[in-house]
**Student:** 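Here it is: the structure, laid out below.
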Amino acid sequence: MSGGLAALLDDIAVLARAAAASIDDVGVAAAKAGSKAAGVVIDDAAVTPQYVRGLAADRELPIVKRIAIGSLRNKFLIILPVILLLSQFVPWLLTPILMLGGAYLCYEGAEKVWAKVSGHGAHGDGEEKLKDEKTLISGAVRTDLILSAEIMVISLNEVAEQSFWSRLAILCVVALVMTIAVYGAVGIIVKMDDVGLRLSEQSASGVVAFGRGLVKAMPIVLTALTVIGTAAMLWVGGHILLVGTDELGWHALYGFVHHVEVAAHDATGPLGGLVGWLVNTIFSAILGLIVGALLVVIITLAFHRNKGEAAHATDHAPTTEAAPPAEARATTPATTPAEAKATTPAETKTAAEVAPDTPRATEH
């Protein structure tokens with residue numbers, strides 16, 4: 001009896017050690033996969049603050065929270081099931097789908113650049129239009145869907161040799177950790193001005209000076225993050241398209257960029273890694289801007305064309321004279337020619353007027 005119990009405990013200990021080792025393996029693999037997607041994670045953190053800029057202070061964190069929840073839904077309910085199924089059955093379809101998302105990012109980035117350059121985003125009366133929270137959140141969650149998809153696909157490529165269930169566990173860890181990291185950082189960024197305001201109300205002069213510095217610096221930081229976020233959309237979208245064309249067999253464009261990147265890396269010695277990355281980033285951003293600009297032109301022309309056709313159809317719509325109301329027709333007296341003749345004053349005479357000289361009958 002005691003021997004059987006000891007054997008059972010030994011089996012449990014072995015299973016526990018195996019489970020712990022498996023958890024360690026998942027953690028190591030998740031860290032490795034997440035590190036490969038660190039650049040996109042930073043871009044995601046830079047993009048998001050622009051969506052809460054200009055909101056009331058008490059609405060910033062609730063909006064960030066709702067975007068974070070939307071990001072978790074994107075990862076666990078859409079991206080994770082789709083990429084696991086595609087990687088298992090039709091892995092060749094992952095690249096075209098990811099390229100469509102990259103093209104959308106290019107369009108969003110180019111649209112923001114165009115709005116800034118043309119001034120179409122500014123308001124003539126100098127007052128900023130009140131932001132609609134639902135529209136704002138839906139736009140942020142759409143952008144997150146693309147960025148999260150690239151994070152998850154990059155992570156998936158790093159663990160492609162693992163079994164299905166191992167891939168699932170690793171990607172779940174990556175999805176959760178990345179979301180917490182991105183939106184935790186965003187929450188800290190958007191509330192730093194409030195922290196500075198609280199510090200500026202303290203008694204210590206050094207703390208007060210630091211707090212005032214934070215308050216003054218945060219508008220500049222948020223403006224810089226808006227610019228970085230727009231550039232990140234163009235870079236990430238362009239990089240997705242650049243790598244995607246190479247994976248689909250169109251090697252010329254990626255080969256040219258890679259050749260320039262390697263040349264810059266070899267020519268700059270200890271700074272080669274940074275310079276090579278910058279070269280790839282700049283070319284990716286240029287490609288993203290070109291593709292995004294073309295999409296902006298196409299969509300704008302299509303919108304104006306549809307709008308013009310609608311206006312043309314409205315201007316040339318046939319007009320018909322309105323018939324008099326039924327009540328008016330009912331109250332209008334209908335007269336026949338005979339009735340009109342009988343009621344003409346010139347032709348209605350009494351019997352006396354017709355024969356005035358006719359003698360009356362004599363009385364007998």
**Student:** Are Ile282 and Val243 connected in a single hydrophobic cluster, I mean Ile/Leu/Val/Met/Phe/Trp/Tyr linked by side-chain heavy atoms less than 4.5 Å apart?
**Tutor:** no

**Student:** Do you see a donor-acceptor pair shorter than 3.5 Å between the side chains of Ser71 and Lys75?
**Tutor:** yes

**Student:** Between Ser166 and Val159, is any pair of side-chain heavy atoms under 4.5 Å apart?
**Tutor:** no

**Student:** Can you name the side chain to side chain donor-acceptor pair (under 3.5 Å) partners of Asp194, sequence neighbours left out?
**Tutor:** Lys191

**Student:** Taking atom CZ of Phe210 as the centre, report whether more than 12 heavy atoms of other residues, nucleotides or ligands fall under 6.0 Å from it.
**Tutor:** no

**Student:** As an exercise, state the distance from CD1 of Ile69 to OG1 of Thr179, rounded to the nearest 0.5 Å.
**Tutor:** 11.5 Å

**Student:** Got a second to check how far Leu199's CG is from Arg212's CZ, nearest 0.5 Å?
**Tutor:** 11.5 Å

**Student:** Can you tell me if Arg59 has over 12 outside heavy atoms packed within less than 6.0 Å of its CZ?
**Tutor:** yes

**Student:** Please tabulate, for side-chain N and O atoms in residues 89-104, each donor-acceptor pair with protein atoms closer than 3.5 Å (sequence neighbours left out).
**Tutor:**
{"unit_1": "Thr95", "atom_1": "OG1", "unit_2": "Glu247", "atom_2": "OE1", "d": "2.7"}
{"unit_1": "Tyr104", "atom_1": "OH", "unit_2": "Glu108", "atom_2": "OE2", "d": "3.0"}
{"unit_1": "Tyr104", "atom_1": "OH", "unit_2": "Arg142", "atom_2": "NE", "d": "3.2"}

**Student:** Could you walk me through whether Met233 and Thr230 pass the side chain to side chain contact (heavy atoms under 4.5 Å, CB included) check?
**Tutor:** CA-CA 5 Å; Met233 289 181 181; Thr230 301; 5.6 Å; no

**Student:** To the nearest 0.5 Å, what is the distance between CG (Leu214) and CG (Asp193)?
**Tutor:** 9.0 Å

**Student:** Would you mind reporting whether Leu168 and Cys172 have side-chain heavy atoms less than 4.5 Å apart?
**Tutor:** yes

**Student:** Passes side-chain hydrogen bond (donor to acceptor under 3.5 Å, both in side chains), Asp144 versus Tyr183? Steps please.
**Tutor:** CA-CA 11 Å; Asp144 173 89; Tyr183 291 99; 2.8 Å; yes

**Student:** Does the side chain of Thr226 pick up a donor-acceptor pair with the side chain of Thr223 at under 3.5 Å?
**Tutor:** no

**Student:** Take a 6.0 Å sphere around CZ of Phe164 and say whether it holds more than 12 heavy atoms from other residues, nucleotides or ligands.
**Tutor:** yes

**Student:** Please report the closest heavy-atom contact between Asn74 and Val141, naming both atoms and the distance.
**Tutor:** ND2-O, 3.1 Å

**Student:** For Met152 and Leu171, which heavy atoms make the closest approach, and how far apart are they?
**Tutor:** CE-O, 3.4 Å

**Student:** Taking the side chain as everything from C-beta on, heavy atoms only, tell me whether Ile290 gets closer than 4.5 Å to Ile286.
**Tutor:** yes

